[in-house]
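A quick write-up on the structure given underneath.
Order of the sequence lines fixes the chain letters, A, B, ..., with proteins taken first and strands second; residue numbering starts at 1 for each chain.
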Amino acid sequence: GQQVMQIPQYQHVQEGEDFTTYCNSSTTLSNIQWYKQRPGGHPVFLIQLVKSGEVKKQKRLTFQFGEAKKNSSLHITATQTTDVGTYFCAGGVGSNYKLTFGKGTLLTVNP
Amino acid sequence: DTEVTQTPKHLVMGMTNKKSLKCEQHMGHRAMYWYKQKAKKPPELMFVYSYEKLSINESVPSRFSPECPNSSLLNLHLHALQPEDSALYLCASSQEGGTGSNQPQHFGDGTRLSIL
């Protein structure tokens with residue numbers, strides 16, 4: 001079945017440092033979504049990427065979708081304590097509804 | 001604040017009990033989802049309803065029974081659960097996408113379920 005690998009599993013940074021999490025799919029994706037889940041909270045939608053090579057920015061967050069639509073990354077510049085949480089990528093392959101989630105990257109930030 | 005409301009927030013039940021989880025959204029979304037999430041794991045899809053009809057059942061045991069009474073409500077009926085069913089149960093909703101097109105999913109706060 002389809003798999004989405006996500007690394008690293010954990011990342012601890014000092015406030016102000018950059019952070020990147022990577023996702024790689026075993027199959028070509030129709031789209032990829034990113035979610036953030038704060039400790040004790042629920043997943044919150046961040047962004048969706050659809051086009052090959054697409055790059056989108058949200059303030060300090062930069063999202064990329066690879067040319068082959070098999071990999072994606074989320075980069076946070078100058079992390080803040082409010083960035084703490086687990087970041088999940090979730091890939092779609094032709095189903096209107098089903099997303100395959102990566103295992104997530106837990107980001108902790110030392111103030 | 002979440003636009004998908006789930007009740008109850010916490011539930012403790014015995015293995016012989018029957019209970020129901022409830023989910024409500026008023027965003028006009030026609031797709032609704034149930035997920036199960038264990039600690040430090042990603043959400044696992046259980047069921048999807050589209051236009052109040054069951055569209056996806058991810059081979060979920062029959063002790064979990066979903067119901068979609070109308071376009072705003074989604075229930076999950078629980079009966080004879082096992083300790084390993086203890087988890088966070090998340091409801092989500094989304095707009096209907098075009099063929100092969102996923103839509104962003106809006107999650108509720110979840111129900112934290114403990115089976116004794």
Mind running salt bridge (Lys or Arg N to Asp or Glu O under 4.0 Å) on A/Lys56 and A/Glu54 for me, showing each step along the way?
CA-CA 7 Å; A/Lys56 287 188 176 180; A/Glu54 191 168 15; 3.7 Å; yes
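Residue with the most contacts toward chain B among A/Ile47, A/Thr100, A/Leu99: A/Leu99 (heavy-atom pairs, distance under 4.5 Å). With chain A as partner, the option from B/Pro42, B/Ala31, B/Ser50 having the largest number of non-hydrogen pairs under 4.5 angstrom is B/Pro42. Ranked by heavy-atom pairs under 4.5 Å with chain B, the list A/Gln37, A/Lys98, A/Gln48 is led by A/Lys98. Listed options B/Ala92, B/Gly110, B/Pro43 were ranked by heavy-atom pairs under 4.5 angstrom with chain A; first place goes to B/Pro43.
Comment: B/Lys38 does not engage B/Glu44 in a salt bridge, judged by the lack of any side-chain N to carboxylate O separation of less than 4.0 angstrom.
Contacts between B/Gln37 and chain A at a heavy-atom distance below 4.5 Å involve the side chain alone, from C-beta outward. Using a 4.5 Å cut-off between heavy atoms, A/Gln9 makes no contact with chain B at all.
Aromatic rings of A/Tyr35 and B/Phe107 (six-membered ring for Trp) have centroids within the 6.0 Å cut-off, being under it.
Between A/His75 and A/Gln64 the shortest side-chain heavy-atom distance does not fall below 4.5 Å.
Atom CE of A/Met5 is surrounded by 12 or fewer heavy atoms from other residues, nucleotides or ligands within 6.0 Å.
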